[in-house]
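Input: a single structure, listed below in structure tokens.
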Amino acid sequence: MKFIEFAEICEKLESVTSNLEMARIISKFLKSADNLDIVTRFIEGSIFPAWSSEELGIGPSLLYDAIAMATGVKKRQVKAGVRELGDAGLACEKLCEKKMQRPLFAGELTVRHVYKSFEAISRAGGKASQKKKTRILADLFGSARPKEARYIARLVLEELRIGVGEGTVRDAIAQAFDVSKDEVERAYMLTNDLGLVAVTAKKGAKELRRLDIELGRPVKMMLAQVAKDVESTIEEMGEVALEYKYDGARVQIHKTNSDILLYSRRLENITKSLPDVVDMLKDGVSFKQAILEGEVIAIGEDGKPRPFQDILRRFRRKYEVKRIAREIPLHLSLFDVLFLDGEGLIHEPLVERRRILEKSLKKDHAPMIEVSPQTITSDISVAERIYKGAISAGHEGVLAKNPKSMYTPGKRGKNWLKVKPVAETLDLVVVGGMWGEGRRANLIGSYSLACRNPTMDSLLDIGRVGTGITDEQLVELTELFKDLVLSDVEMDIQIKPEIVFEIGYEEIQRSSNYKSGFALRFPRLVRVREDKSVKDADTIERVRELYKKQKGQT
DNA sequence: TTTGACTGCCC
DNA sequence: ATTCTGC
DNA sequence: GCAGAATGGGCAGTCAAA
């Protein structure tokens, strides 16, 4: 299949807003496509399947290098284009139109050729590999028409920005090959590869049904939706199964006898980084063949949870794994079982899965591993007590699960609800901004923030904020700050400190990235403090106190 | 040999 | 992760 | 209510520049 056909479909989809219409267009396209697996992933904006360890190793910076190389302009001009158009693909397209003469002998670019180039980019490693990667990519741009270049650039960043995601492609596959949406969804959740699902669906519904959970192939993880408080979860479900929400990292465990594999939420194989977790599972789990799920957490000697940053030091580590494992020992709290001795359990209700899970650990298992404590209740006061207990023990909050619900892989539904305390807020001074991309093109898409240092009468930066802003506000704020711009270089804007934002956050963290020495976790704009000026903004002392208090009690 | 930008992925 | 938005 | 698209801090690994 020619790549231009793919690019033209993308362009058409970009102008359509109706999901039904998008699915119709894609289904027609998939019906006629060869290289169906590749095309299916491409249309959804991914290159390799989620479980694959392949990755390009190209982000915005190297992409801009490649565009510059292909079109013979300076990198800063590429950046200027991205700044102006709010999109690397559009910038690339424009530069290709202007600067580049497509060689006459160049053949038509095919989907296959583009994919092969991506594979080659992925394979490149070692000395001078960045040059090699950018050269391969620049060559692609060299033989691409401008419109093709637009979508190659976006594919590289895995951001097609055409309004198409998994859901749309799932519906399109069902429509294209005349199988039910549910069956497509089921197959996808269990295999994590829309390409494979499309190819199998094309063979027929019978083949599609044959795709199933397999040990060694991670299942998409079920996710929780936010609830406003504990009471509302009981109103929603009647009876809830309550568990602590730990500040850790999700892991899925695939066990075949003594063979243990660990997967992260993005389905990365993280087995090698967590040998201590593997060992506690080897020794502690009685099941021979199973898929289990849990949360790994770091707990200090005092029994209190350690900062999330400590857990991050263990993840994806390749070197000095053992030494850091001793330094930051992990605990594993198991909360689900999806598969046992050849049988899938995802259709079993939570209570039944839980009943099975409780038999998973041997009597003499290591103390580092547990089945996550759970309470089933419909009593609001009991639930509140558990929630308060979670908070005072230093955890994030609770999960309230519907005891009757099955495990729905990849879904963020209302059968699992998470409850966390309402965010704290700080009043911080806006000292800068960054131009946005996509629908935030030509608007300030995020803002840099600072707190006051009253002793020096100066400002200390403490991070940025880019969410919690409505589209309407984005426009208003960009207008508001227009007169306060001190400098505007590439994507970065410096702003005269005058405006104060009230910023919500989950936690104050130590940070070496900001002069204040602190940063906010999950910052969001709550409101513009029109009643406050710079002198009323929060101070570094207050930040320090809040940080201490938070460590003291959590 | 050291430093720092970049990338991908945890939350 | 959080949040907003169009369907 | 869902799916998609904006955006956050911070860690390890990789590679290139200093």
Side-chain angles (χ1 to χ4, degrees), chain A residues 16-22 44-45 50 53 55-65 86 124-133 157-171 223 225-226 245-251 264-268 270 273 295-296 307-321 324 396 410-414 418 420 423 434 436-441 443-449 462-474 503-514 518-526:
Chain A
V16 170
T17 55
S18 151
N19 289 312
L20 286 169
E21 180 63 14
M22 285 195 278
E44 175 245 351
S53 58
E55 57 192 32
L56 291 189
I58 294 187
S61 181
L62 289 180
L63 171 64
Y64 301 164
D65 284 339
K127 206 171 160 56
S129 61
Q130 291 189 344
K131 274 227 171 64
K132 191 171 174 188
K133 284 172 191 279
L157 300 179
E158 301 201 286
E159 278 174 352
L160 235 35
R161 288 208 257 241
I162 56 175
V164 174
E166 290 167 6
T168 319
V169 178
R170 178 233 298 144
D171 295 354
L223 304 168
Q225 219 170 68
V226 182
K245 186 177 191 308
Y246 296 114
D247 188 12
R250 189 92 172 258
V251 284
S264 69
R265 210 186 101 182
R266 290 275 291 266
L267 313 178
E268 301 290 312
I270 48 164
S273 300
E295 186 91 355
V296 288
F308 179 72
Q309 275 141 307
D310 285 354
I311 295 167
L312 273 188
R313 296 191 54 203
R314 296 287 320 271
F315 263 69
R316 295 164 58 87
R317 180 171 282 280
K318 272 174 77 174
Y319 308 103
E320 298 193 288
V321 171
I324 306 295
E396 280 190 338
K411 283 271 179 238
R412 190 186 289 280
K414 53 183 186 214
K418 55 181 166 188
K420 298 206 258 181
M434 255 183 88
E437 296 197 14
R439 68 174 176 195
R440 296 192 181 180
L443 297 170
I444 301 176
S446 64
Y447 291 91
S448 333
L449 307 163
I462 192 170
R464 329 174 57 88
V465 65
T467 191
I469 316 170
T470 63
D471 286 3
E472 198 189 353
Q473 256 180 325
L474 275 166
I503 301 295
Y505 64 92
E506 300 290 316
E507 188 183 18
I508 298 172
Q509 301 172 308
R510 293 241 69 134
S511 170
S512 54
N513 289 328
Y514 298 105
F518 296 99
L520 306 180
R521 192 171 179 204
F522 310 142
R524 56 265 202 184
L525 178 64
V526 174

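No hydrogens, no waters, no symmetry mates; every other heavy atom, side chains included, goes into these values. Convention: sequence-line order gives letters A, B, ...; per-chain numbering from 1.
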Of the listed nucleotides [options], the one nearest the side chain of [X]:
X        : options               : result
A/Asn513 : B/dC10, D/dG10, C/dT5 : D/dG10
A/Lys411 : D/dA3, D/dA6, B/dC9   : D/dA3
A/Val226 : D/dA6, D/dG10, C/dT2  : C/dT2
A/Ser129 : D/dG13, D/dC15, B/dG8 : D/dC15
A/Arg439 : B/dC6, D/dA5, D/dA3   : D/dA5
A/Ala519 : B/dG8, D/dT7, D/dG9   : D/dG9

Find out whether [X] and [Y] are in side-chain contact, i.e. whether some heavy atom of one side chain is under 4.5 Å from a heavy atom of the other.
X        : Y        : value
A/Glu506 : A/Arg524 : yes
A/Met22  : A/Val164 : yes
A/Leu223 : A/Arg250 : yes

For [X], which contact category applies under a 4.0 Å heavy-atom criterion: base, sugar-phosphate, or nothing?
X        : value
A/Tyr319 : sugar-phosphate
A/Gln225 : sugar-phosphate
A/Leu520 : sugar-phosphate
A/Leu62  : sugar-phosphate
A/Arg524 : sugar-phosphate
A/Ile311 : nothing
A/Ala423 : nothing
A/Ser273 : nothing
A/Arg314 : nothing
A/Arg313 : sugar-phosphate
A/Gly504 : nothing
A/Lys132 : nothing
A/Ser512 : nothing
A/Ile58  : sugar-phosphate

Check whether any side-chain N or O of [X] sits under 4.0 Å from OP1 or OP2 of [N], and answer yes or no.
X        : N     : value
A/Thr168 : D/dA3 : no
A/Arg521 : D/dG9 : no
A/Ser61  : B/dC6 : yes
A/Arg412 : D/dG1 : no
A/Thr17  : C/dG6 : no
A/Arg266 : B/dC9 : yes

To the nearest Å, how far apart are [X] [atom1] and [N] [atom2]?
X        : N      : atom1 : atom2 : value
A/Leu312 : D/dG10 : CG    : P     : 10 Å
A/Gln130 : B/dG4  : CD    : C1'   : 12 Å
A/Glu159 : B/dG8  : CD    : P     : 11 Å
A/Tyr514 : D/dG8  : OH    : C1'   : 8 Å
A/Arg317 : D/dG10 : CZ    : C1'   : 14 Å
A/Phe522 : C/dT3  : CZ    : C1'   : 13 Å
A/Arg440 : D/dG8  : CZ    : C1'   : 11 Å
A/Lys414 : D/dA3  : NZ    : C1'   : 16 Å

Practice task
Answer yes or no: side-chain N or O of A/Thr467 and base N or O of C/dT2 forming a donor-acceptor pair under 3.5 Å.
Solution key: yes
If you round to the nearest 0.5 Å, how far is [atom2] of [Y] from [atom1] of [X]?
X        : Y        : atom1 : atom2 : result
A/Glu507 : A/Gln309 : CD    : CD    : 7.5 Å
A/Asn19  : A/Thr168 : CG    : OG1   : 5.0 Å
A/Ile444 : A/Leu474 : CD1   : CG    : 9.5 Å
A/Gln509 : A/Phe518 : CD    : CZ    : 11.0 Å

Completion exercise
Assert: residue with more 5' nearest nucleotide on DNA chain C, out of A/Lys420 and A/Asp471, is A/Lys420
Handout entry: A/Asn19 vs A/Gly468, nearer the 5' end of DNA chain C by closest nucleotide
Key = A/Gly468
Completion exercise
Sorted by position of nearest nucleotide on DNA chain D, 5' first, the leading residue of A/Gly167 and A/Arg510 is A/Gly167
Fill in the blank from the handout: Comparing nearest nucleotides in DNA chain D, the 5'-proximal residue of the pair A/Arg170, A/Val465 is A/Arg170
Exercise for the section: Salt-bridge test for A/Arg161 and A/Glu437: reply yes if a basic N is under 4.0 Å from a carboxylate O, no otherwise. Expected result: yes
